[in-house]
Amino acid sequence: MNASLILPLLMCFAGALVAAAYGWPVLNWRVSLVWASRVVALAPVVAFAFLLDIASAVMADKPVVFSIAWLPTLGLNASLYFDGLSALFALLITGMGVIVVIYAGYYFSDDRSAWRFLTYLMLFMTAMLGVVMAGDVITLFVFWEATSITSYLLIAYKTTDDAARRGALKALLITGGGGIALLLGLLLVSGIAGGADFATILNGGEALRQSALYPAMVLLLALGAFTKSAQTPFHVWLPQAMTAPTPASAYLHSATMVKAGIYLLARLNPALGTTTLWFWVLTIAGLTTMLVGAYQGLKQNDLKALLAYSTISQLGVLMLLIGEETDIASKALVIGILAHALYKSALFLIVGIIDHETGTRDLRRLGGLVRHFPILFVLTGIAALSMAGLPPLFGFLAKETLLATAIRMEVGPIVDVLFPAAAVIAGALLLAQAGTLVFNTFLGQPRDPSLHPHKPALGLRISPAIPVFLSLAIGLLPEPEPLAQLLASAASASFGDKVKVSLAIWTGINVPLLLSLVAISIGTVIFLNRSRVRAWMQNFATGWSLDRAYTRVMQLIDRAANLITRVQTGYIRHYLFIMLIGLGVMIVWFRAFPSIRAPVSNLSLGDGTTLLRVFALLVTVAAAALTIFIRRDFLAILGLSASGLGVALLMILEPAPDVALVQIVVDILSTLVIVLLLTRLPAALRLRSSNLPLRSRRSGAVRDALISLGAAVVVAAIVLTALTSRPRQSAVTPYYEQNAKPLTGATDIVGAIVVDFRGFDTLIEITVFGLAGLGVYTLLRYASRKAGDVERADPRRRDKLRTLGIGGARTSSFMQLLAHVTLPLSLIVAATHMMYGHDQPGDGFTAGVIVSLAVGLCYVVFGYEETKRRLPWVKSGYLIGAGVLLAIVNASLGALHGGAFLAPIDFGERWGLSLPQGFHLSTAFLFEMAICLSVLGSASYIIDTLGHPKDHDVESDQQLQEIAALEKQVVVMLDDRGVEVT
Amino acid sequence: MTGEQLLQGLWAILPEIVLLLLGILVITIDLIKPGQRKGRTFGALTIGGALVTTLIIIYQAINQPPEPVLAFAGMVRIDLFVQMFRLMFSVALLLAALISLDVKGVKTNGEFYGLLIFSTVGMGFMAASNNIVMLYVGLETTSIALYMLAGFIRESTVSTEAGMKYFLFGAFTSTILLYGLSLLFGFTGGKTGYAEIAATLQQLAAQQETLPLMVALVLIAVGFGFKVAAVPFHMWTPDVYEGSPTPITAFISVASKAAGFAVFIRFFLIVFGPLQEQWIGFVALLAAVTMTLGNLVAMQQRNFKRMLAYSSIAQAGYLLIGVTAVGELGTAAVLFYLATYVLTNIAAFAVAEIATNATGSELIKDMAGLSRRAPGIAFALLAAMLSLAGVPPLAGFFGKFYVFQAAIGYTNPTGQNSLVWLAILGVLNSIVALYYYLMVLKVTYVDRAEGEDVPLTTSGGFKLALATTVAGMIFFGIFATPLYTLSTLAAQAVR
């Protein structure tokens, strides 16, 4: 039998499929919606009958459980759970479902696209049934969210109606958002109870209540339940959701969905309840909601809004009842749920008929409808009596038990009085609402003569009659035994212990009855003066409403978001700035600075070279500062170069002559490259930028200075940390010191590392360097040639070029002489670097760069064409190729003769050649040569590309124009600060 | 290195080798084939190659020995954790290639697919790296290819801008990362392997000498924070997401983020494991700030791609919760989340591209009426948005579920749970996020637009990608177990 629990869910889902199938045009045009809805309604009928059948089995308080493994790794099952409480809700859902589906068939009878509505409705029914039959909190949550989504579809059904869309979105936001809070609450509950299924949770009450997270749990669960069950202040979505078609309102917003929160809290009450926190959270929310709903309801003109607020009020009552820990409260709870579902759905259905037949549901236009709808009037009257809590209706019983609960409170003197008082006031207001509903709609004179009511179909009229009849029957019949048992079983489930439920209306003269009489009297007085009271209410405090508060909250979030969004300026400098601030905050967070203080003394400063070091530092810093303050770009570049030379000086003092040498030649080479690049920029652009003011605003300069300072401090801190925290003894240096000579035959450790220890790296490195040269060539020359740019200089200028330096500048004969001499000299220096690199500073790399520098000088002095003519042997591509090839061949020689790729071999020794002192004809020498060749090739490629004359640059002209346009704007902006200038 | 070791190493990195060869093949064909006959060759090659790679990874994962395979002298480490990430990368590559097939400016370009493949290779090495040098090489291989891809459409100024910004920001953070790595190298006396560094840190932590290490940690966190787009290293995200060609945006938002999390988890759990007590609060703060800011700003966006950018920042925040909840549960949650996120976000961006193609606008409001023009595509969007919002029964729900559960289940060494606040903040954030995800759905499903009865035609690539992702989202939303089991096994393999 347990597995069959899934049947009602499947039935309802099948109903949804049938409804969707009706959307198929063939069926849609042949069968009327009324008939279709009857077929669809079979699904809940079967489900209802089945549930009724198994409900009798669970009366004995033995829940039926069915579960299948779902996520075994988490010990999670998809499970169903069926006891008295589930039975009460499930029967309501399917029972009301039948009525609503059939009603919807008539309601939409002339709208053939309403199959969508039926589909959504059945999907919702499935989801809702899932909520109340879920056997564990995760399954419950899944169905819970499904009700939010399907109800969204139902509320937004009238897509053309803007109000419907806004109402639907609001409903989804509030209930869906609450749902996520609920998820966390449920996760906490199942985590602490040790399982997600209800059996475990209900047994783990003790652990749950004593957990430190209990308050968080209660608040999160309450948030989920309150949003779903429209408790103040989250009730704002419910009146707006009334834009849904009436069948949906009747079903979702009175009988079923809004009670999901009630169900959840009632279900968890035995585990979480009986604490003060639980009591106060639920009581305060319930009490406020009860009063707010009752008050707001009376002033509404829209019949559906009136019913919505009275529903809110009733939901507040139910919430309040869960918070109490008496058996009579849980009795009042189950009776209240049933009574409310019966009369409220009936009233909604009736309002739907009125709306359908007259075209309005505005109290200011309706009136005197008794002439047109006599039967409807009788039904409304009975349902309203139940709503007002008058005998002999079921609603009376609900109110009596509520009042009986209220007077049993034992909390404190004020609260003890407050409860019954609030209950009486709410009761009185509800009675007035019910009276207004009946009298202003059906009696009196028609207020709007333009209304011409139609006669409703029989099916429409029968639908509300069923719940009304049930309301009346339960009140009049003496003790319907099975129902009392069902209610008792449900009440026990929510109370956690046995509860006896008696459905006798008359219990003798007692306090609740007297209070009831007071409520009825006050209510009657309000009802008789309803026009005045309502007019006063509608004018009272109109400027303040929770709806506005909702809008405010939304606006506030919006504004906060807007504020943060402004940070996203689109400027990369701002982005980096924010990132650096983040970095700074993180460093402060870890208080990483104090660690620097102590070991600073470890740094040795005092030896003979200190003065020189200070000098080198000053040169470096001063030259770097000059690059900022000097206007002329050329001089700034020289400053940059000088700064680099200062660093080289520091390295010499370290002493690290190899590194210093590389630093020097690379520094000069990069200076040369930048100078060559400058000649490619249009003179106008350069002139302009050297005339620009340093900073248009002082604040900007200060800001930049602060950023620089900050960056300097951070970097200095990091460097200091690094210097003082590293191991005193390097792990690698001693190894190289010991093994350089015996293994490679080199006395210069750097040389040994480059060509031997890390020889493979070097091999790849020269390839990369070669590629870099090719890349520069490809980007600047090859691409522009492909794009069809002018390749050759103007033929008329060709002759002149022979005597002019780069960029067309005139060069002195002294410079030309210098260039003539430098090149051969550089070749000699390069040769010595290669030959003795193994034992002295300098290596193939420096050799290559030195030769390229000399070549570069030729370009500068003689110009492009002349240099090409004079130095035909500088064929960059071949040089790179030769270098890389030589390196590979050389390395392979090692593999052939020395046993390993790149193994060192001294050919001079092997063949007994007599060579100059200190020079070894070895693989190391060949490797240095290979490095030199490829470096020379690559560097000369770059110089050649940059030195290539360019007559006219379209791009930079365009850029100049853009800048000119921008500058105009800047002027306007600056003027804006003082006087408005357009 | 013996021949056997070499073979074992090559087998271990076979997926990367296959992809590398594929990339070279694509670029070579691009060079030699005449322009007009290229067509969809490269897309088809990429898709086929990605499929083969996926199969290889699955085969390797099934035959994964229980002990991690250390190859190339410990430079790379292959375990289930790595295999799962590789799987995400190759699936992301597959889907990104699928949705590139009909994107103007990239569809027939061999370079585009080549770079896409190369960046995937880099990601594979990022995830597999077991050495800080390898890590950096992998990271740069990934990033440089992505910089170029972001700025791929040279005719478009936004694309160029995106590429430039991505490059500048990336170069900056990568420098900082490198600084951190070299400090770590120095502090540990020249160690580069994760295990060796961790062992040294263990000793240092025992001697209470951790403060200078924290500088290294912070600098490294900046580099990783950039990759996963965590606040405040997220600033590049919206501009790059908006400007890049949409398939690349999708790829960056899932694969690159996943790769970032792969190294984030490995590094913080293994290398910085001994410093756990010090960094946990800091990463928690990072998570909190990231998701809050991402969500708040996402609400303000009118441009769909920008909104998704901020949403992806927020998602990084949720994922960081899982990282903060150190341990098997947290890591498994992150892995599961990422796997579903790959499917979800690619679907969302695919729809963005389709809508932009149809309307010529990237604004959310111009997506009105999509549900009537193309019900199937609108449904894919619905699934993606709800999955991102964490609504059941879609895969994203379980992602959030596991992450929050990990935070709730986390206990620090003193036996207390210090992360419930983070979970609660995560929930509040998810509520805010619901707002903007639903707004998109409201526009597409409810709002009316002119010309909404004109059906929208989509090409096969998009359809296939959307069908796959939506099927995945729904399947893993109902049957989360297989994926979660894999995630748990992978999480166990981290240590």
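A note on names: the letters A, B, ... follow the listed sequences, proteins ahead of strands, and every chain is numbered from 1.
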Report summary line: d(A:Thr569 OG1, B:Asp239 CG) to nearest 0.5 Å is 8.5 Å
Query raised in the report: Going through the distances and angles, do A:Met579 and B:Ile176 end up as a side chain to side chain contact (heavy atoms under 4.5 Å, CB included)?
Result: CA-CA 11 Å; A:Met579 192 196 74; B:Ile176 294 175; 3.6 Å; yes
Report summary line: Residue from B:Ala423, B:Gly409, B:Pro393, B:Gly390 scoring the most non-hydrogen pairs under 4.5 Å with chain A is B:Ala423
Query raised in the report: Which atom pair, heavy atoms only, marks the closest approach of B:Phe282 to A:Met586?
Result: CE1-CG, 3.2 Å
Report summary line: From the list B:Val222, B:Leu293, B:Ile431, the residue making the most non-hydrogen contacts under 4.5 Å with chain A is B:Ile431
Requested in this report: Could you pull out all residues at least two apart from B:Val158 that satisfy side-chain contact (heavy atoms from CB on, under 4.5 Å)?
Outcome: B:Ser156
Requested in this report: Measure the CZ-CG distance between B:Phe401 and A:Leu186 for me, rounded to the nearest 0.5 Å.
Outcome: 9.5 Å
Query raised in the report: Which heavy atom of A:Gly570 sits nearest a heavy atom of B:Lys165, and at what distance?
Result: O-NZ, 2.5 Å
Query - A:Leu213 portion near chain B, given a 4.5 angstrom heavy-atom threshold - result: side chain
Query raised in the report: So which of B:Phe169, B:Trp236, B:Tyr435, B:Phe185 has the largest heavy-atom pair count under 4.5 angstrom toward chain A?
Result: B:Phe169
Query raised in the report: Should A:Leu184 and B:Ile408 be marked as a side chain to side chain contact (heavy atoms under 4.5 Å, CB included) after you check the CA-CA gap, both sets of side-chain angles, and the distance that decides it?
Result: CA-CA 9 Å; A:Leu184 190 62; B:Ile408 289 171; 3.4 Å; yes
Requested in this report: Find the distance between CG (B:Leu438) and OH (A:Tyr152) and round it off to the nearest 0.5 Å.
Outcome: 7.0 Å
**Report entry** Interchain contact, B:Ala298 with chain A, by part (heavy-atom threshold 4.5 Å)
**Finding:** neither
Report task. List the steps, then state whether side chain to side chain contact (heavy atoms under 4.5 Å, CB included) holds for A:Tyr575 with B:Leu168. Result -> CA-CA 10 Å; A:Tyr575 295 2; B:Leu168 283 176; over 6 Å; no
Report task. Kindly check if the number of other-residue, nucleotide or ligand heavy atoms within 6.0 Å of OH (A:Tyr214) is above 12? Result -> yes
Query raised in the report: Which distance, rounded to the nearest 0.5 Å, do you find between the CD of B:Gln405 and the CD1 of A:Ile138?
Result: 7.5 Å
**Report entry** B:Glu277, CD: over 12 other non-hydrogen atoms inside 6.0 angstrom
**Finding:** no
Report summary line: Minimal heavy-atom distance between B:Pro232 and A:Gly582, with the atoms involved, is CG-CA, 3.6 Å
Query - chain A contact via B:Val420 - side chain, backbone, both or neither, heavy atoms under 4.5 Å - result: side chain
Report summary line: If one checks every heavy atom of B:Phe226 against chain A at 4.5 Å, the contacting part turns out to be neither
Report task. Go through the atoms of B:Leu217 and report whether side chain, backbone, both or neither lie under 4.5 Å from a heavy atom of chain A. Result -> side chain
**Report entry** Region of A:Leu580 that comes under 4.5 Å of a non-hydrogen atom in chain B
**Finding:** side chain
Report task. Go through B:Leu219 and A:Leu583 one step at a time and tell me if the side chain to side chain contact (heavy atoms under 4.5 Å, CB included) criterion holds. Result -> CA-CA 7 Å; B:Leu219 297 176; A:Leu583 178 60; 3.8 Å; yes
Query raised in the report: At a heavy-atom separation under 4.5 Å, does B:Leu386 approach chain A through its side chain, its backbone, both, or neither?
Result: side chain
**Report entry** Contact summary for B:Val427 and A:Ala181, nearest pair of heavy atoms
**Finding:** CG1-CA, 3.4 Å
Query raised in the report: Under a 4.5 Å cut-off applied to non-hydrogen side-chain atoms, are B:Met235 and A:Leu576 in contact?
Result: no
Report task. For atom OH of B:Tyr179, decide whether the heavy atoms of other residues, nucleotides or ligands shown that lie under 6.0 angstrom number more than 12. Result -> yes
Requested in this report: Mind ranking B:Glu161, B:His234, B:Gln300 by heavy-atom pairs under 4.5 Å with chain A and telling me who comes out on top?
Outcome: B:Gln300
Report task. Tell me, for A:Leu183 versus chain B, whether the close heavy atoms (under 4.5 Å) come from the side chain, the backbone, both or neither. Result -> side chain
Requested in this report: Rounded to the nearest 0.5 Å, what's the gap from CG on A:Leu172 to CG on B:Leu434? Could you check?
Outcome: 6.0 Å
Query raised in the report: What are the residues of residues 141-150 of chain A, in order of number, with any heavy atom under 4.5 angstrom from a heavy atom of chain B?
Result: A:Phe141, A:Val142, A:Glu145, A:Ile149
